[in-house]
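All figures in this text were calculated on a predicted structure; none of them were measured in a lab. Heads up: numbering here begins at 1 and tracks the sequence.
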Amino acid sequence: MKSRTLLLLLAVLFMVGSVSAQTVYPKREFRGAWIQCVNGQFQGMSTDKMKATLVGQLDNLKEAGINAIIFQVRAECDALYASSYEPWSRFLTGVQGKAPQPYWDPLQFMVEECHKRGMELHAWINPYRAQTKGTTALSPMHPYNKHPELFVRYAGQLYFDPGYPESRRYICKIVRDIVNRYDIDAIHMDDYFYPYPNPGEKFNDDLSYAAYGRGFTDRGDWRRDNVNVLIKEIHETVRACKPWVKFGVSPFGIYRNKKSSPNGSDTNGLQNYDDLYADILLWVNNGWVDYNIPQVYWEIGHPAADYDTLVRWWARNSSARPLYIGQDVVRTVSKADPKNPNQSQIPAKYNLQRSLPTIQGSCQWYAAAVVENRGHYRDMLVNVYHKYPALLPVSPFMDDKAPGKVKKLKPVWTSDGYILFWTAPKAKDVMDEAVQYVVYRFDNGEKVNLDDPSHIISITRDTFYKLPYEDGKTKYRYVVTALDRLHNESKAVKKKIKL
């Protein structure tokens with residue numbers, strides 16, 4: 001009787017442990033990082049030096065479990081890619097309009113290098129900003145020099161006036177060009193819609209309001225509608241070009257404060273809706289964006305914008321589309337956990353995020369801070385929070401059909417060693433094509449559980465995997481599945497192998 005009770009107790013403990021492991025280590029999670037250009041980290045670098053810098057960052061981030069890179073390619077109506085519409089960025093070459101020498105295309109390079117590592121590449125654009133404060137000269141190719149009537153000077157910078165339909169058409173033309181010419185996984189916009197308010201200065205859109213007011217009597221409502229229309233049109237543009245490419249936004253971390261709206265968060269800071277004229281929840285609920293990464297860059301316990309309060313608010317209110325949390329690496333490691341003053345806020349933030357089922361991941365601001373291992377942040381990702389690989393979340397509202405199973409799974413001795421080969425499944429169209437494969441390994445007799453990411457040993461675009469042969473006496477079961485462009489996973493194909 002005692003032995004039976006002990007066995008039952010052990011079984012319960014085993015089940016609890018298994019559930020806990022799957023909770024702590026989700027099989028699917030967005031693990032992104034922003035690589036920005038506006039901080040000047042690449043400005044004036046030689047082609048070889050920048051390529052080496054980017055490769056070093058990607059290798060480091062890959063080892064840290066990052067599976068998506070958001071790469072800034074358009075900061076001020078310029079380009080870190082070959083554009084026939086806009087000039088080369090000064091953040092690349094030091095002079096706006098000057099092509100890199102030797103010539104190369106950073107966006108194409110990043111697409112190839114990210115995909116080589118099993119990462120997504122999201123092309124990050126700023127839609128309205130046309131000149132930052134540090135840019136003293138605009139290239140003759142810059143759109144301001146062709147259509148100055150579409151722009152407004154404000155707070156020492158230059159912006160497209162969102163009130164003009166021509167502004168929207170131009171921005172959509174740029175998006176269409178990028179999506180059509182590059183094998184990107186998403187178009188990404190950050191938090192700059194209408195500019196951040198500059199106290200005492202008016203954003204002068206009187207002319208566009210008079211010409212295109214569309215019957216709005218409240219200018220705030222009109223401005224929000226201008227942005228709403230752009231977001232909807234960009235989404236439609238992306239879908240029309242390539243139905244597997246996503247469109248995501250990364251707004252400022254506060255939608256509205258409770259004092260402005262009963263539905264707002266219990267915060268007291270600048271607001272997307274009222275100050276930037278960005279109605280994020282409307283976009284999410286209407287399906288005009290495919291993911292949302294609010295920049296919740298504050299700490300737990302911040303008096304005006306508490307991280308815990310905001311993360312819970314977004315989890316309740318933004319679940320109609322995938323929700324990820326924008327994390328500030330430096331602030332997270334520099335602030336102590338109020339409940340555990342001897343440690344940083346990394347554990348508290350990750351435990352909160354993973355306890356809320358509507359949150360499917362996070363994105364690190366900024367990538368270099370992870371690479372530099374600020375406050376041992378990277379160590380925590382490698383050893384704890386990203387200990388095992390994760391597939392990216394699915395987007396069933398875009399496509400929920402999995403590709404077919406892999407074919408001809410077979411281990412073969414080659415001059416390069418013992419290799420597990422397979423062939424791609426047949427596909428009826430591009431949405432069904434397999435573009436990646438997941439390789440799992442299980443001990444002999446172990447139950448095959450594909451929900452446990454600790455068994456993932458490779459996520460690859462190759463149709464082979466080099467086996468770690470030892471003495472040919474130990475049996476393992478290998479499982480291979482296929483992923484399409486939107487990470488739908490096929491049924492499994494299994495093979496027993498002695499290694």
Side-chain angles (χ1 to χ4, degrees), residues 26 28-32 70 186 188-194 196 220-221 223-232 234-235 246-328 332 345 348-365 392-398:
R28 289 188 181 270
E29 188 172 56
F30 185 90
R31 298 174 178 175
I70 301 177
H188 178 87
M189 285 169 45
D190 56 359
D191 54 318
Y192 294 98
F193 301 102
Y194 274 82
Y196 279 72
D221 289 341
R223 287 176 174 174
R224 271 183 291 276
D225 192 62
N226 291 333
V227 183
N228 293 341
V229 173
L230 175 69
I231 294 293
K232 183 174 184 290
I234 288 178
H235 189 258
K246 292 169 281 197
F247 172 44
V249 295
S250 178
F252 182 74
I254 299 173
Y255 174 68
R256 300 191 84 183
N257 299 311
K258 189 168 283 186
K259 67 180 182 182
S260 299
S261 168
N263 189 42
S265 52
D266 191 10
T267 50
N268 184 27
L270 184 136
Q271 305 164 97
N272 275 291
Y273 185 93
D274 304 83
D275 300 310
L276 305 179
Y277 306 100
D279 191 349
I280 315 299
L281 295 190
L282 180 73
W283 311 342
V284 168
N285 291 327
N286 283 346
W288 296 342
V289 294
D290 301 314
Y291 66 79
N292 177 23
I293 315 179
Q295 298 172 19
V296 190
Y297 287 168
W298 303 276
E299 69 269 19
I300 297 169
H302 189 284
D306 173 52
Y307 178 93
D308 186 287
T309 297
L310 280 165
V311 165
R312 294 181 189 277
W313 187 91
W314 284 106
R316 289 193 304 271
N317 291 279
S318 184
S319 59
R321 285 292 181 266
L323 171 65
Y324 319 129
I325 301 299
Q327 307 280 4
D328 185 311
T332 298
Q345 294 196 357
K349 285 187 173 183
Y350 267 89
N351 291 339
L352 171 62
Q353 174 187 307
R354 287 182 172 171
S355 73
L356 300 169
T358 56
I359 297 174
Q360 299 179 53
S362 60
C363 195
Q364 312 301 333
W365 174 258
L392 282 146
V394 291
S395 304
F397 48 89
M398 295 174 70

Distance check, rounded to the nearest 0.5 Å: [X] atom [atom1] versus [Y] atom [atom2]?
{"X": "Cys363", "Y": "Phe30", "atom1": "SG", "atom2": "CZ", "result": "5.0 Å"}
{"X": "Leu276", "Y": "Tyr196", "atom1": "CG", "atom2": "OH", "result": "5.0 Å"}
{"X": "Tyr324", "Y": "Ser250", "atom1": "OH", "atom2": "OG", "result": "12.5 Å"}
{"X": "Arg223", "Y": "Asp279", "atom1": "CZ", "atom2": "CG", "result": "15.5 Å"}
{"X": "Asn268", "Y": "Lys259", "atom1": "CG", "atom2": "NZ", "result": "4.0 Å"}
{"X": "Trp283", "Y": "Lys232", "atom1": "CH2", "atom2": "NZ", "result": "14.5 Å"}

Work out which heavy atom in [X] is nearest to a heavy atom in [Y]; give both atom names and the distance.
{"X": "Ser260", "Y": "Asp274", "value": "CB-OD1, 4.3 Å"}
{"X": "Phe193", "Y": "Ala278", "value": "CD1-CB, 3.5 Å"}
{"X": "Gly269", "Y": "Gln271", "value": "O-CG, 3.4 Å"}
{"X": "Pro251", "Y": "Asn292", "value": "CD-OD1, 3.1 Å"}
{"X": "Ile254", "Y": "Ala305", "value": "CD1-CB, 4.1 Å"}
{"X": "Ala320", "Y": "Asn285", "value": "CB-OD1, 3.6 Å"}

Applying the side chain to side chain donor-acceptor pair (under 3.5 Å) test to Tyr307, which of Gln327, His302, Gln353 qualifies?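 One option only clears the test, and that one is Gln327.
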
Test item: [X] and [Y] side chains (from C-beta on) under 4.5 Å apart, heavy atoms:
{"X": "Arg224", "Y": "Leu282", "answer": "no"}
{"X": "Ser362", "Y": "Tyr350", "answer": "yes"}
{"X": "Val284", "Y": "Val289", "answer": "yes"}
{"X": "Leu323", "Y": "Pro294", "answer": "yes"}

Anything under 30° is parallel, anything over 60° is perpendicular, the rest tilted; go ahead and classify Trp313 against Tyr255.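 Rings of Trp313 and Tyr255: parallel, under 30°.
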
Classify the side-chain pair Lys349/Thr332 by whether it contains a donor and acceptor separated by less than 3.5 Å.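 A donor-acceptor contact under 3.5 Å links the two side chains.
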
Quick one about Tyr277 and Asn272 (side-chain donor to acceptor, distance below 3.5 Å, no hydrogens or angles considered), yes or no?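 Distance-only check fails for Asn272 and Tyr277.
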
Stepwise, does the side chain to side chain contact (heavy atoms under 4.5 Å, CB included) test hold for Leu281 with Ser318? CA-CA 6 Å; Leu281 295 190; Ser318 184; 4.2 Å; yes

For Gly264, is there any backbone N or O sitting under 3.5 Å from a side-chain donor or acceptor partner on Asn257?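 No, because the side chain of Asn257 does not come within donor-acceptor range (under 3.5 Å) of the backbone of Gly264.
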
Hey, mind stepping through Phe247 and Trp288 against side chain to side chain contact (heavy atoms under 4.5 Å, CB included) and telling me if it holds? CA-CA 8 Å; Phe247 172 44; Trp288 296 342; over 6 Å; no

Looking only at the aromatic ring of each residue, does the gap between the centers of Phe252 and Trp298 stay below 6.0 angstrom?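 Yes, the ring of Trp298 comes within the 6.0 Å limit of the ring of Phe252, centre to centre.
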
Show, in sequence, the C-alpha distance, side-chain angles and deciding distance for Ile293 and Ile70, and conclude whether the side chain to side chain contact (heavy atoms under 4.5 Å, CB included) test is met. CA-CA 11 Å; Ile293 315 179; Ile70 301 177; 4.0 Å; yes

From CA spacing to verdict: side-chain hydrogen bond (donor to acceptor under 3.5 Å, both in side chains), Tyr194, Asn226: CA-CA 10 Å; Tyr194 274 82; Asn226 291 333; 3.1 Å; yes

Test side chain to side chain contact (heavy atoms under 4.5 Å, CB included) applied to Asp290 and His235, step by step: CA-CA 9 Å; Asp290 301 314; His235 189 258; 3.1 Å; yes

